[in-house]
Amino acid sequence: MKTVYIPAGETVKYESLATENLVVDGCLKVVYGVKARTISGKGVISAGTVYADDISIGEIEAAAVVCVRAAAKRIDAPEVYASETLAVSCFLSAAYVETGKLTVALSDVDEAKADEIIHLPRVHTSLLAMLVVSFFRSLRARFFGKPAEKEILDADFEPFYKQAEKVKTTKDNKTEEETDEELNRIVWLFKLSREAGYTLRLIPGTPEENAPVFDFAAETIVQKAA
């Protein structure tokens, strides 16, 4: 069937429904899933899952709604996926919503993933008024919205790369101190002499050739003439 029409005041039940165009002015109840290219009307749809490209309906109650664009007065579904736009003029109830642009008046949503979210006042109850207001608010936010500041004003802060350079310099200085071979040699001689019972003494102005010499055979220090 290319088109299925549910008149106002009637309730129609299906186990599953697949059609090209679905117009619901009454009440449609489907046990499993509804698949259509377009869904429109002022009625109510109650189904397991709803798949469509374009949806413009009064109310949807389903386990999941998957579409490209959707506009409804009320939507009650644990999961709602609209790749482009999702607009709900009265109330949206969902655990997870993912869409490009979300326009909503009242909502009870646990998690929403959207590029743009517009909250409308509750006076705009009709779908047409909601879409018009949403369009102009989106334009205003796009052209007159204040961009975020790139830097924090009136605050003491330091860029991360400078902090990294400081840490690197501190580590390099520490490494140089640890690898000072001359200092390590003096410290090692001091510790070795103290363990052997000797004391290192610095004699100022003593020529190198007249410096005392340690006689290892006799284990004595031989003083040379100045």
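Each of V23 and I39 belongs to its own hydrophobic cluster when Ile, Leu, Val, Met, Phe, Trp and Tyr are linked at side-chain heavy-atom distances under 4.5 angstrom. L17 and I60 fall within a single hydrophobic cluster, where Ile, Leu, Val, Met, Phe, Trp and Tyr side chains are chained together by heavy-atom contacts under 4.5 Å. The hydrophobic clustering, which links ILVMFWY residues whose side-chain heavy atoms are closer than 4.5 Å, places Y14 and I57 together. Grouping the Ile, Leu, Val, Met, Phe, Trp and Tyr side chains by contacts below 4.5 angstrom, directly or via other members, places V30 with I6. Transitive grouping of hydrophobic side chains (ILVMFWY, heavy atoms separated by less than 4.5 Å) brings V109 and V65 into a common cluster.
Put simply, the side chain of D25 gets close to the backbone of K42: a donor and an acceptor are under 3.5 Å apart. In this structure a side-chain-to-backbone donor-acceptor pair under 3.5 Å is missing from T11 to C27. Although no hydrogens or angles enter the test, the distance criterion places no donor-acceptor pair under 3.5 Å between the side chain of S93 and the main chain of D76.
Residue K113 holds its NZ atom at 4.5 Å from CD of E98, rounded to the nearest 0.5 Å. Atom OG1 in T3 sits 9.0 Å away from atom CG in L22 (nearest 0.5 Å). Annotation: the span from Y32 atom OH to E15 atom CD amounts to 5.5 Å, rounded to 0.5 Å. Between the CG atom of D115 and the OG1 atom of T99 there is a distance of 8.0 Å, given to the nearest 0.5 Å. We find the NZ-OH distance between K35 and Y51 to be 6.5 Å, quoted to the nearest 0.5 Å.
Between P78 and A63 the shortest heavy-atom distance is CD-O, 3.1 Å. Minimum heavy-atom separation, K101 to I118: CE-CD1, 3.7 Å. Considering every non-hydrogen atom in both A72 and I75, the closest pair reads CB-CG1, 3.7 Å. S89 approaches K73 most closely through the heavy-atom pair OG-CA, 3.4 Å.
R37 has a carboxylate O that lies under 4.0 Å from a charged side-chain N of E20, or vice versa, which qualifies the two as a salt bridge. The pair R69-E84 counts as a salt bridge, with a side-chain nitrogen and a carboxylate oxygen less than 4.0 angstrom apart.
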Can you check side-chain contact (heavy atoms from CB on, under 4.5 Å) on D108 and F91, steps first, answer last? CA-CA 8 Å; D108 182 11; F91 184 73; 3.7 Å; yes
Would you sort out whether I55 and V50 count as a side-chain contact (heavy atoms from CB on, under 4.5 Å), showing the intermediate values? CA-CA 10 Å; I55 298 176; V50 176; 4.1 Å; yes
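Contact check for V12 versus K29: no side-chain heavy atoms found under the 4.5 Å cut-off. Using a 4.5 Å heavy-atom cutoff, the side chains of V104 and H119 are in contact.
Of the residues L92, V88, I117, the one that meets the side-chain contact (heavy atoms from CB on, under 4.5 Å) test with S107 is L92.
Checked by atom type, the side-chain pair N21/Y5 shows no donor-acceptor distance below 3.5 Å.
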